[in-house]
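Letters A, B, ... mirror the listed sequences (proteins, then strands); counts begin at 1.
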Amino acid sequence: MSDSEQTEKNLDFIRTRVQTDQRSGKNEGRVHTRFPPEPNGYLHLGHAKSICLNFGIAQEFGGLCNLRLDDTNPVAEKTEYAEAIQSDVRWLGFDWEERFFHASDYFDQLHAWAVQLIKNGKAFVCDLTFEEMRTYRGNLVEAGTNSPYRDRSIEENLELFEKMKLGEFPDGSKTLRARIDMSSPNLNMRDPVIYRIIHQQHPKTGDKWKIYPSYDFAHGQSDSLEGITHSICTLEFEHHRPLYDWLCENLGIYHPQQIEFARLNLNYTVMSKRKMLRLVEEGHVNGWDDPRMPTLQGMRRRGYTPQSIRDFCEKVGVAKRDNVIEVELLEHCLRHDLNLCAPRKLGVLEPLKVTISNYPDGQVEQVDAVNNPEDPDAGTRTVNFSKHIYVDRNDFMEDPPKKYFRMSPGREVRLKYAYYITCTEVIKDEGGKVIELICEYDPQSRGGDTPDGRKVKGTIQWVDASSAQSCEVRLYDRLFKTPDPDKVEGGGDFTDNLNPDSLQTIKTALVEKSVIEMQTGKPFQLERVGYFCIDPDEAGSAKLVLNRTVAMRDSWAKANK
RNA sequence: AGCCUGGUGGUGUAAUGGUAGCACAGAGGUUUUUGGUACCUUUAGUUGGGGUUCGAGUCCCUGCCGGGCUGCCA
């Protein structure tokens, strides 16, 4: 089977549809999508799924994808967010070229269309208050009743709408409503509000407008104006589709196809802007870019690569059923990418002093270390080795269980890239805590092999005492301690499920000197420990702060649970 | 309650009337100068009940369960 036949077989339902449309010649074979966030918050992993879907489909089908800011509500929207959105989409690896739009670009046209609807008797100005409108709307089981203002004359509607536009009425006093069907089982069709009065500066249009179109009156028409062929959105917009269709038809404009898919959920995570906002505002995390946040900015600071996120979005698939993805899949994608591209370094989180008794005093030599075993082109580097080194405290056990391959009295281990050593003496403080190991090394084992070919089971990492760089390391764990943070016993909320140990700070870690040359945010591997990157905190100062991106998989720890 | 929508291993996703597959997770193993990686093996699934059909995850009926909808948010 050829590749094209292979890929053809496993398309998700949206791509299947796009392919069918393209082959049937719909829209002259054009494929044009868009990513339409509202600039009222930061982008998160859920948005990444949508971005990858929309931009991905455009790429795969030889089409285009626009970036459009859905800025129809100046109350919530800020330019700060608009800028962050652009930078995040670019960082993820997508390019909208010159096709950067705003719903507000279309306010004049949208207004004209509203007037057209009024002239056709399909929209009216309504004086009902918010509460009254709710009463008139009816409910899930009962039909609504017509607004007493529903049958105003076209002239009166036109005049009133003009006055709304001129700012002659206070917020909330009047709305423009589509005249559809108050008895529709779909509440969105019960004469929905399409324009509301908001006396508020708009980031793009300033004080030009006192009235703003609702989402429903802006979105489909924006799609139409941009020639979008497939308007992909999440499931909660499903009941809006009849209204989307009604507007395109009654306005007599080009009619894109709205298609809905199920949003992404991740266990041990909250994925809504509202909840993330609370985490930030209540100080449970240190801002939107806290490395524990599922925001693109947080993940980026944590050390996630765009490639790993794109890979993840591809692997989770697209369908209509509700889903909760296991974080293990995300971590798998992360480690998979990092394994391939992250340079290796040596470092110890909990330094334990080691003195090599038979190594010459004052001697310093340089040993060769491989930069990336997955990439021969990455080459090698040298690291200092001397009589005094540090190893990780958890790589030594005075009384180890069988199957423990690391250091213990009398057992020989390999210091990665350096020598075999054997612990000959354990030094403790008054409290009985091990504070230093005295070892002997085999001068013949330089580089990690001996002429007699004897094997050692354990290989551990280390740093040279005099040249190592000290640093602070921030170890992150999942932000919530339960898979579904919203599930709370007896009436609390998701903040009750916060993991108190989601951040552990180690102030006295030691890493090889060359770590300071790493670029902020660019992950590297501390061998056997995990992937880390330099945090922007303290950048430029002598202090070094490392974020743990993700730990190594650890089958030893798992086996011992 | 009404309307809409969905239900395939633990999780996610394929199979569009013809061998239920893939990935992650789990278990076991091989390799290994990272207890990493890679590779191999393996456990585990069509929501219940009827029907149509030579043949049903797929079509029909019905039950059950999940999600969404009563903003002048998007």
**Item:** Spacing of A/Phe130 atom CZ relative to B/G71 atom C1', expressed in whole Å
**Value:** 5 Å
**Request:** Describe the nucleic acid contact of A/Arg406 in one word from base, sugar-phosphate, nothing, applying a heavy-atom distance below 4.0 Å.
**Result:** base
**Sugar-phosphate only, base, or nothing, as touched by A/Tyr417 at under 4.0 Å among non-hydrogen atoms** = base
**Prompt:** Under 4.0 Å: is that the gap between some side-chain N or O of A/Lys558 and OP1 or OP2 of B/G26?
**Reply:** yes
**Prompt:** How would you label the contact of A/Ser555 with the nucleic acid (heavy atoms, under 4.0 Å): base, sugar-phosphate, or nothing?
**Reply:** sugar-phosphate
**Request:** Tell me whether the OP1 or OP2 atom of B/A14 has a side-chain N or O from A/Arg15 closer than 4.0 Å.
**Result:** no
**Request:** Ignoring hydrogens and angles, state whether a donor on the side chain of A/Arg528 or A/Gln461 is under 3.5 Å from an acceptor on the partner side chain.
**Result:** yes
**Message:** Any strand counts, and the cut-off is 3.5 Å on both contacts for Watson-Crick or G-U wobble. Which nucleotide pairs with B/U41?
**Reply:** B/A27
**Message:** Any base atoms under 4.0 Å from A/Pro37, or only sugar-phosphate, or nothing? Heavy atoms, all strands.
**Reply:** nothing
**Request:** Please determine if a side-chain N or O atom of A/Arg177 lies less than 4.0 Å away from the OP1 or OP2 oxygen of B/G71.
**Result:** no
**Request:** Determine, answering yes or no, if A/Phe237 is stacked on B/A74 under the 5.5 Å centre rule and the 30° plane rule.
**Result:** no
**Prompt:** Under 4.0 angstrom, heavy atoms only, what part of the nucleic acid is A/Asn323 near: base, sugar-phosphate, or nothing?
**Reply:** sugar-phosphate
**Message:** Using whole Å, what does the distance between atom C1' of nucleotide B/G7 and atom CG of A/Asp322 come to?
**Reply:** 10 Å
**Request:** Mark yes or no for a side-chain to base donor-acceptor pair under 3.5 Å between A/His336 and B/A38, with no hydrogen or angle criteria applied.
**Result:** no
**Prompt:** Taking it one step at a time, do A/Glu512 and A/Ser514 satisfy side chain to side chain donor-acceptor pair (under 3.5 Å)?
**Reply:** CA-CA 6 Å; A/Glu512 67 172 81; A/Ser514 69; 2.7 Å; yes
**Message:** If you count every heavy atom of other residues, nucleotides or ligands that lies below 6.0 Å from A/His336 atom NE2, does the total exceed 12?
**Reply:** no
**Prompt:** So, for A/Trp113 and A/Phe217, is the gap between ring centers shorter than 6.0 Å?
**Reply:** no
**Message:** Below the 4.0 Å mark, does B/U16 have OP1 or OP2 next to a side-chain nitrogen or oxygen of A/Thr16?
**Reply:** no
**Prompt:** Between atom CD1 in A/Ile460 and atom P in B/U32, what is the gap in whole Å?
**Reply:** 20 Å
**Item:** Electrostatic pair A/Asp127-A/Arg152, nearest N-O below 4.0 angstrom
**Value:** yes
**Request:** State the syn/anti category of B/G57 according to its glycosidic angle, syn meaning within 90° of 0.
**Result:** anti
**Asked** Given B/G71, is OP1 or OP2 found less than 4.0 Å from the side-chain N or O atoms of A/Arg137?
**Response** yes
**Request:** Rounded to the nearest angstrom, tell me the gap between atom CG in A/Asn339 and atom P in B/C24.
**Result:** 14 Å
**Message:** Atom CZ of residue position A/Arg478 - does it have more than 12 heavy atoms of other residues, nucleotides or ligands inside 6.0 Å?
**Reply:** yes
**Message:** Categorize A/Val370 for me: base, sugar-phosphate, or nothing, with a 4.0 angstrom heavy-atom threshold over every strand shown.
**Reply:** nothing
**Item:** A/Leu140, nearest nucleotide to its side chain (from B/A23, B/U70, B/A74)
**Value:** B/U70
**N/O (side chain, A/Arg196) to phosphate O (OP1/OP2, B/C73) under 4.0 Å** = yes
**Request:** Report the residue (A/Ala262 or A/Lys315) whose heavy-atom-nearest nucleotide on RNA chain B is the more 5′ of the two.
**Result:** A/Ala262
**Other residues, nucleotides, ligands: >12 heavy atoms within 6.0 Å of A/Glu236 CD** = yes
**Request:** Could you work out which one of B/G68, B/C72, B/A1 sits closest to the side chain of A/His239?
**Result:** B/G68
**Message:** Without decimals, in angstroms, what is the distance between A/Tyr531 OH and B/U37 C1'?
**Reply:** 8 Å
**Asked** Under 4.0 angstrom, heavy atoms only, what part of the nucleic acid is A/Tyr404 near: base, sugar-phosphate, or nothing?
**Response** base
**Request:** Check every strand shown and say whether A/His332 touches a base, only sugar-phosphate, or nothing at a heavy-atom separation below 4.0 Å.
**Result:** sugar-phosphate
**Message:** Is there a side-chain contact between A/Arg321 and the phosphate of B/U13, meaning an N or O under 4.0 Å from OP1 or OP2?
**Reply:** yes
**Request:** Could you please name the partner base of B/C72, counting Watson-Crick and G-U wobble pairs only when both distances are under 3.5 Å?
**Result:** none
**Asked** With a non-hydrogen cut-off below 4.0 angstrom, is A/Glu527 in contact with a base, only sugar-phosphate, or nothing?
**Response** base
**Asked** Does A/Arg344 have a side-chain nitrogen or oxygen under 4.0 Å from the phosphate oxygens OP1 or OP2 of B/U34?
**Response** no
**Asked** Which nucleotide in the list B/A74, B/A23, B/G6 gets nearest to the side chain of A/Leu329?
**Response** B/A23
**Message:** So A/Leu128, base contact, sugar-phosphate only, or nothing? Heavy-atom distance under 4.0 Å.
**Reply:** base
**Asked** In Watson-Crick or G-U wobble terms, both distances under 3.5 Å, what is the partner of B/A20?
**Response** none
**Message:** Assess whether a salt bridge exists between A/Arg34 and A/Glu226, defined as any Lys/Arg side-chain N lying under 4.0 Å from an Asp/Glu carboxylate O.
**Reply:** no
**Request:** Report which part of the nucleic acid A/Asp449 touches: base, sugar-phosphate, or nothing (heavy-atom distance under 4.0 Å, all strands).
**Result:** base
**Message:** Any strand counts, and the cut-off is 3.5 Å on both contacts for Watson-Crick or G-U wobble. Which nucleotide pairs with B/G63?
**Reply:** B/U47
**Message:** Nearest to the A/Ala319 side chain among B/G68, B/G71, B/A14, which nucleotide is it?
**Reply:** B/A14
**Message:** Need one value for A/Gln525: base, sugar-phosphate or nothing, where a base atom within 4.0 Å counts as base even if backbone is also close, heavy atoms only.
**Reply:** base
**Prompt:** Under 4.0 angstrom, heavy atoms only, what part of the nucleic acid is A/Thr234 near: base, sugar-phosphate, or nothing?
**Reply:** nothing
**Prompt:** For RNA chain B, whose closest nucleotide is more 5', that of A/Tyr195 or that of A/Phe13?
**Reply:** A/Phe13
**Asked** What is the nucleic acid contact for A/Glu374, judged by heavy atoms within less than 4.0 Å: base, sugar-phosphate only, or nothing?
**Response** base
**Prompt:** What does B/A14 pair with, Watson-Crick or G-U, if both distances are under 3.5 Å?
**Reply:** none
**Asked** With respect to the phosphate group of B/U37, does any side-chain polar atom (N or O) of A/Arg553 fall under 4.0 Å of OP1 or OP2?
**Response** yes
**Message:** Just to verify, which of A/Ile57, A/Ile14, A/Asn323, A/Leu11 counts as forming a side chain to side chain contact (heavy atoms under 4.5 Å, CB included) with A/Val318?
**Reply:** A/Ile14
**Request:** Using only heavy-atom distances, decide whether a donor-acceptor pair under 3.5 angstrom links the side-chain of A/Glu326 to the base of B/G10.
**Result:** yes
